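These notes concern the structure reproduced below.
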2 protein chains.
Amino acid sequence: MAHESEAAAEEDALEEARDEGYDLDRKAVARILYAVDTDDREQLVALMEPLHPADIADLLEQVNAYDRMRLVRLYGHEMDGDILSELDEALREEVIGILTPQVLAEAIRELDSDDVVDLIEDLDAPQQEAILDALPESERAAVEQSLAYPEFSAGRLMQREVVMAPEHWSVGEAIDFLRSSKSLPEQFYHIVLVDPRLRPVGNVTLGRLMSSKRDVTLKSIQEESFHTIPVAQYEGEVAYAFNQYHLISAPVVDENDRLVGQITIDDAMAVLDEENEEDILRLAGVDGESRLSDKVVDTVKRRIPWLAVNLVTAVMASLVIAQFEAAIAEVVALAVLMPIVASMGGNAGTQSLTVAVRALATKDLTGSNLWRVIRREGAVGLINGVAFAVIMGIVGIIWFGSPALGGVIASAMVINLVIAGLAGIIIPVVLEKVGVDPALASGAFVTTVTDVVGFFAFLGLAVVVLL
Amino acid sequence: MAHESEAAAEEDALEEARDEGYDLDRKAVARILYAVDTDDREQLVALMEPLHPADIADLLEQVNAYDRMRLVRLYGHEMDGDILSELDEALREEVIGILTPQVLAEAIRELDSDDVVDLIEDLDAPQQEAILDALPESERAAVEQSLAYPEFSAGRLMQREVVMAPEHWSVGEAIDFLRSSKSLPEQFYHIVLVDPRLRPVGNVTLGRLMSSKRDVTLKSIQEESFHTIPVAQYEGEVAYAFNQYHLISAPVVDENDRLVGQITIDDAMAVLDEENEEDILRLAGVDGESRLSDKVVDTVKRRIPWLAVNLVTAVMASLVIAQFEAAIAEVVALAVLMPIVASMGGNAGTQSLTVAVRALATKDLTGSNLWRVIRREGAVGLINGVAFAVIMGIVGIIWFGSPALGGVIASAMVINLVIAGLAGIIIPVVLEKVGVDPALASGAFVTTVTDVVGFFAFLGLAVVVLL
């Protein structure tokens with residue numbers, strides 16, 4: 001009976017995990033936590049067994065710290081290295097801290113060396129040591145060698161195992177070599193052709209190899225487009241190359257163009273996803289590493305810097321308003337309408353800067369089209385400015401019965417939307433030129449400009465026209 | 001001599017295209033445009049030859065419409081299908097319109113059927129017809145069949161060519177089958193194991209196949225983790241599955257679980273990148289399809305809707321201010337300080353909503369952790385609120401010499417930052433529940449809340465405390 005209900009539970013969990021695309025089902029999670037509550041190890045293992053390590057990692061991220069600790073302890077030596085690999089960096093230290101040394105050693109030994117590197121590069125020194133100590137000597141050397149490359153470089157991303165063949169070989173020779181090889185990597189998709197000095201000169205896909213005659217040379221069936229990755233290249237550039245050139249795997253070369261490893265598209269995809277994630281968070285003024293599983297204190301730390309910058313810019317805008325206190329005291333309607341001009345400018349500027357920041361990230365904005373794009377943003381700002389000037393002019397007249405006030409807000413709107421469009425493109429480009437990440441800093445600069453210009457144009461014109 | 005300088009030009013272009021990562025070099029572009037200006041076809045072809053189709057597409061996106069037309073015409077039948085595939089959708093119609101029917105037919109015939117589908121799905125009917133007519137009958141049927149699947153579904157993304165084998169085969173049988181096959185796809189990485197009813201039951205990597213003994217069964221070397229993709233699944237879910245489960249290729253099945261095609265990771269990577277791009281643009285209030293190569297009129301159209309929504313919310317905030325005209329007339333300092341409270345709330349709300357929207361997109365925010373995350377956002381808002389309340393209270397006292405005014409702005413700051421944190425998480429979750437894309441609409445709702453609450457709390461408290 002017990003066994004039957006376990007099997008049923010397992011099937012349910014599997015089905016529910018697949019319900020609605022790939023969401024973790026709330027009921028399945030509740031059942032797992034119930035097994036933890038009742039200390040029912042057998043049931044827990046049965047419920048977790050059908051889950052992919054990536055889904056188990058998600059589960060660990062979604063429960064609270066206390067449940068996480070009890071779950072990890074109860075799961076014990078079922079905890080494998082892949083789960084640790086999939087965990088958010090913020091949680092790895094915590095979970096690794098819960099594991100007993102034996103369980104940790106067992107989990108680590110299953111991993112490929114590039115996964116071990118990825119796992120330990122952000123841990124603190126004692127945890128790193130503990131993991132390195134658990135590795136066999138040869139793998140430990142490989143991991144330490146990878147760690148010697150700079151963070152976020154191709155060297156950290158690559159795996160060292162590559163299948164290569166001399167460029168003059170025939171298909172038959174290559175197949176015989178593969179068939180007699182003792183230790184091929186589990187996952188490989190290409191044979192890298194190398195010259196006598198071990199410099200990669202081409203790629204042959206396994207599919208193409210299998211469908212070619214034995215006497216054909218590898219050289220004649222190599223892929224048309226071939227890219228090597230310098231070992232020091234920034235991982236974001238690596239991901240860009242994979243996406244731009246549709247690479248599946250690419251050989252990595254040292255400064256002498258000699259083959260030192262290879263990167264496969266799944267790792268590049270993960271990097272591309274992270275880079276996009278960081279851009280999204282940075283554009284919103286949040287630290288790029290922010291995750292939902294962060295603790296309150298970390299979240300506060302990640303958000304306060306940007307809020308502090310915003311406070312300074314908001315005070316600057318207030319200083320502009322303060323110059324016009326007399327005018328506001330006389331015509332209070334100015335205080336009512338002024339936020340509208342600033343807000344529209346801020347929004348238009350954000351639209352323009354976001355498109356610019358993305359175009360810079362995807363290399364679609366270059367010296368060749370910069371001036372054209374600036375002219376376009378100016379024109380778009382002018383057209384949108386005129387459109388909303390007409391609307392707000394009419395609103396101003398109806399609301400406050402003053403054509404002059406309508407004219408003032410309309411004019412300020414045109415000015416601010418043109419400035420917003422131009423600032424939205426020029427500021428990110430200048431930031432990138434001086435080496436500051438435009439995703440991080442553009443927002444603060446652009447909204448400062450649109451706030452200051454918005455208030456100044458509206459209140460300044462009001463003083464000239466109305467008083 | 002002429003030949004030598006061409007070769008040199010070619011090498012230069014290649015080197016420059018690789019300078020600084022993968023940027024298109026401005027000088028190389030200038031040289032290409034000079035060849036167009038001087039009608040020098042030979043030189044143009046020599047300069048373009050080393051460029052990858054994706055880079056040529058980028059080049060076409062970056063030059064102006066007039067240069068683009070002349071370049072495409074001069075390049076003539078060198079223009080291949082891959083360049084068209086890589087082009088931004090906004091430009092495809094334009095470029096296809098420039099090509100002569102013969103050049104177009106030639107370019108299209110080189111493409112795989114899934115690339116043809118991707119190329120034509122957004123074209124208008126006459127251009128679609130022209131391209132379909134250029135295809136051989138069998139391929140035309142394949143393309144039309146793919147187009148019968150809904151847009152953005154796995155069916156549109158998949159290729160029909162799959163290499164499969166009965167699950168009971170041995171490694172030897174599979175290798176002999178592959179070696180004797182007449183028409184294997186150019187790119188394939190797995191053999192899909194199928195049962196007698198053509199339902200996929202497992203995946204064997206080519207690498208694993210090559211490194212296994214002839215008498216081993218395919219079943220025993222299949223990959224541990226195996227996922228099939230329903231043909232109707234939304235492409236965003238497909239991309240999620242590839243990224244989550246590190247898939248390289250996955251079989252696509254119909255509603256009877258029968259194999260109908262396969263999707264490879266490079267296509268999934270492109271979808272993931274597009275989805276992220278759309279989220280980034282939508283969060284900034286820009287249509288997700290916005291590209292730098294859009295014309296002015298299209299850009300205006302893509303940005304006006306959001307600005308119009310913002311105008312409505314800004315007017316709502318102004319209506320709140322209008323309720324306090326008498327108070328502002330009495331204490332003008334209120335008009336000076338009130339934008340600070342609203343602006344801080346807007347920023348804090350944007351931080352919170354961006355993290356929430358991303359967590360929803362990556363399925364990290366679920367029923368299991370929703371309440372914990374809401375509590376966390378409330379706590380973060382409270383802590384940040386108190387921190388900035390202290391600062392602004394002091395600023396208010398120093399600036400305007402009024403402890404009461406300092407107390408009012410401090411209290412309003414705490415209230416607005418707590419509300420901002422809560423609104424930033426609750427609004428996206430509710431929008432997703434009712435089926436609205438949270439990336440698209442959260443910003444407008446959250447900033448309306450923070451503006452209205454900010455002005456109301458600050459001015460309302462001022463009336464109570466100061467007047």
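A note on names: the letters A, B, ... follow the listed sequences, proteins ahead of strands, and every chain is numbered from 1. Quick caveat: nothing in here was measured; it's all calculated off a predicted structure.
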A/K363 vs B/D58, test: salt bridge (Lys or Arg N to Asp or Glu O under 4.0 Å). Steps then yes/no. CA-CA 9 Å; A/K363 300 181 199 298; B/D58 282 351; over 6 Å; no
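The pair B/D279-B/R358 counts as a salt bridge, with a side-chain nitrogen and a carboxylate oxygen less than 4.0 angstrom apart. Salt-bridge check for B/E277 with B/R282: failed, with every basic side-chain N at 4.0 Å or more from each acidic carboxylate O.
Donor-acceptor pairing under 3.5 Å is lacking for the side chains of A/E223 and A/T205. Using modelled atom types and a 3.5 Å distance limit, the side chains of B/D451 and B/T313 yield no donor-acceptor pair. Judged by distance alone, the side chains of B/D55 and A/Q244 do bring a donor and an acceptor atom under 3.5 Å apart.
For A/Y189, the ring pair (Phe, Tyr, Trp, His ring centres under 6.0 Å) criterion is met by B/Y189, not counting sequence neighbours. The side chain to side chain donor-acceptor pair (under 3.5 Å) search around A/S290 returns none, not counting sequence neighbours.
For chain A, the nearby part of B/I383 is the side chain; its heavy atoms alone come within less than 4.5 Å. Using a 4.5 Å cut-off between heavy atoms, B/F400 contacts chain A through its side chain alone, with no backbone atom that close. Heavy atoms of A/E86 lying under 4.5 Å from chain B belong exclusively to its side chain. Heavy atoms closer than 4.5 Å to chain A are found in both the backbone and the side chain of B/S318. For A/L319, the parts lying near chain B are the backbone and the side chain together; criterion is any non-hydrogen pair under 4.5 Å. Using a 4.5 Å cut-off between heavy atoms, A/L206 contacts chain B through both its backbone and its side chain. Within the 4.5 angstrom heavy-atom criterion, no atom of B/E330 approaches chain A. Both the backbone and the side chain of A/S352 come within less than 4.5 Å of a heavy atom in chain B. Only the side chain of B/I248 comes within less than 4.5 Å of a heavy atom in chain A; its backbone stays farther off. Interface remark: B/R372 contributes side-chain atoms only to the contact with chain A (heavy atom separation under 4.5 Å). With a 4.5 Å cut-off on non-hydrogen atoms, B/R214 touches chain A through its backbone and its side chain both. Looking at B/A268, both its backbone and its side chain come within 4.5 Å of chain A, counting heavy atoms on both sides. For chain A, the nearby part of B/E377 is the side chain; its heavy atoms alone come within less than 4.5 Å. With a 4.5 Å cut-off on non-hydrogen atoms, B/L283 touches chain A through its side chain but not through its backbone. In this structure, no portion of B/D267 lies under 4.5 Å from any heavy atom of chain A. The parts of B/F188 that come within reach of chain A are both its backbone and its side chain, each placing non-hydrogen atoms under 4.5 angstrom from that chain. Of the atoms belonging to B/Y234, not a single heavy atom falls under 4.5 Å from chain A. Proximity to chain A (any heavy atom under 4.5 Å) is shown, for B/I304, by both the backbone and the side chain.
Ranked by heavy-atom pairs shorter than 4.5 Å toward chain B, the options A/E224, A/R208, A/H52, A/E325 are led by A/H52. Between chain B and the residues A/S212, A/A239, A/A361, A/P53, the most heavy-atom pairs under 4.5 angstrom are made by A/S212. When each of B/N384, B/L365, B/V163 is checked for heavy-atom pairs under 4.5 Å with chain A, B/N384 comes out on top. Taking A/A308, A/G346, A/A317 one by one and counting their heavy-atom pairs under 4.5 Å with chain B, the maximum is reached by A/A308. Of the listed residues (A/N276, A/V297, A/D266), the one with the most heavy-atom contacts under 4.5 Å to chain B is A/N276.
Judged by distance alone, the side chain of B/D294 and the main-chain N or O of B/R291 form a donor-acceptor pair under 3.5 Å. The main-chain N or O of A/S368 is found under 3.5 Å from a side-chain atom of A/T366 such that the two form a donor-acceptor pair. Not a single donor-acceptor pair under 3.5 Å links the side chain of B/R376 to the backbone N or O of A/K295.
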